[in-house]
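Structure first, then comments.
We name chains A, B, ... by the order of the sequence lines, and we start the count at 1 in each one.
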Protein chains: 2
Amino acid sequence: MATGDLMSRALAALEEIDGPVPVEVIHGLVDAEAVTGPMTIAQVADLLDMSPHTLRYYERIGLVEVARDAGGHRSYDAAAVRRLVFVARMRLSGMAMRDLQHYLRLADEGDDTVPERLDLLLEHRDTIRRQLRELTLSLAATEYKIATYGGHTGPSSAGET
Amino acid sequence: MATGDLMSRALAALEEIDGPVPVEVIHGLVDAEAVTGPMTIAQVADLLDMSPHTLRYYERIGLVEVARDAGGHRSYDAAAVRRLVFVARMRLSGMAMRDLQHYLRLADEGDDTVPERLDLLLEHRDTIRRQLRELTLSLAATEYKIATYGGHTGPSSAGET
DNA sequence: CTAGGACTTCGAGCGCACTCGAACGCAAAC
DNA sequence: GTTTGCGTTCGAGTGCGCTCGAAGTCCTAG
């Protein structure tokens, strides 16, 4: 795990507090807390906890455009970083690459596509909610099974998993 | 979506009630509500909401052994179905195939491996919990973004996603 | 008797999302 | 001046989890 990656810090912030996710944490996550000046590929990779290989791959398939410095090296400006933060979070929540490509293509087309983008986001929200419900159920089932193992260490019936 | 699959019904049950997941729902999910007699591959596929192809694949890689009837067709007895219910739920919660193979191999080795299986379950529980936290954060971020789109339909600044 | 449909085995193919390796460039450190 | 190290491009390879197709078998209905 990278030392300074965003997700880790946001999650750590959540450990401290309880109840609904506070706006500042989201803000920190969404805005990449005011990225100052251009970053190298290694810095962005560390920030997003992914490999430089993956960042080049994302650029290759058209998720971001990245400028080059005098030496031909990638130079990620604030906009590029913000975009990648968005990509990383959406990927983490299970959005497929093609949907992400679609969304970002729309974003590049300007404000006319806002309604369509909103639809995509609403759909994605529902997907996340469904995942949350399924995971909650899986967690309950796993804990149930743990309880049957941990509750008593006696013999079990044949065929048990 | 299959009409009678387990997960759908468990999720539907959860819609009705609120608060912590009740034991009966878990029981229904874990025990496949008292499977009576042997089932065909099509019936199991429908129950688990997966294709016959996938069931054959699971058997091929050693996740289950399945008996054949007089005509050479697969005949899933209650134990096989229970095992597959377990497999399906673990897969849904993101457990990798190799971990599942490992776990089931241990289960086949008998009661001596209960402690090791317990360890695997505890580890998996932590994985699910981490996923839940990350998803919750992703949901909050997505809803935040939806709010910025839905809140006002005015022009946005350049480079916005 | 024949046609349909659900099943069987086997191996090959696929889509996704990376991940890697090779060969090279450039710039600072020793 | 050469070594170290971080970067570059390009294409190919990997691992996962299915998914499919071909060719054949078996039972049932018409």
### Message
Whether the B:Thr40 and B:His73 side chains hold a donor-acceptor pair (N or O, under 3.5 Å, no angle test) is what I'd like checked.
### Response
no
d([atom1], [X]; [atom2], [N]) in whole Å:
| X | N | atom1 | atom2 | value |
| --- | --- | --- | --- | --- |
| B:His73 | D:dT28 | NE2 | C1' | 12 Å |
| A:Glu59 | C:dA17 | CD | C1' | 17 Å |
| B:Ile61 | D:dG15 | CD1 | P | 16 Å |
| B:Tyr57 | C:dC14 | OH | P | 17 Å |
| A:Met50 | C:dC18 | CE | C1' | 11 Å |
| B:Arg60 | C:dA12 | CZ | P | 11 Å |

Taking only side-chain nitrogens and oxygens of [X], does any of them come within less than 4.0 Å of OP1 or OP2 of [N]?
| X | N | result |
| --- | --- | --- |
| B:Arg56 | C:dT8 | yes |
| A:Arg98 | C:dC16 | yes |
| B:Tyr58 | D:dC18 | yes |

### Query
Is any NZ, NE, NH1 or NH2 atom of the basic residue among B:Asp108 and B:Arg83 found under 4.0 Å from an Asp or Glu carboxylate oxygen of the other?
yes
### Query
Between A:Thr113 and A:Glu109, is there a donor-acceptor pair closer than 3.5 Å when you use the side chain of the first and the backbone of the second?
no
### Query
Starting at the 5' end of DNA chain C and moving along, which residue's nearest nucleotide shows up first, A:His53 or B:Gly72?
B:Gly72
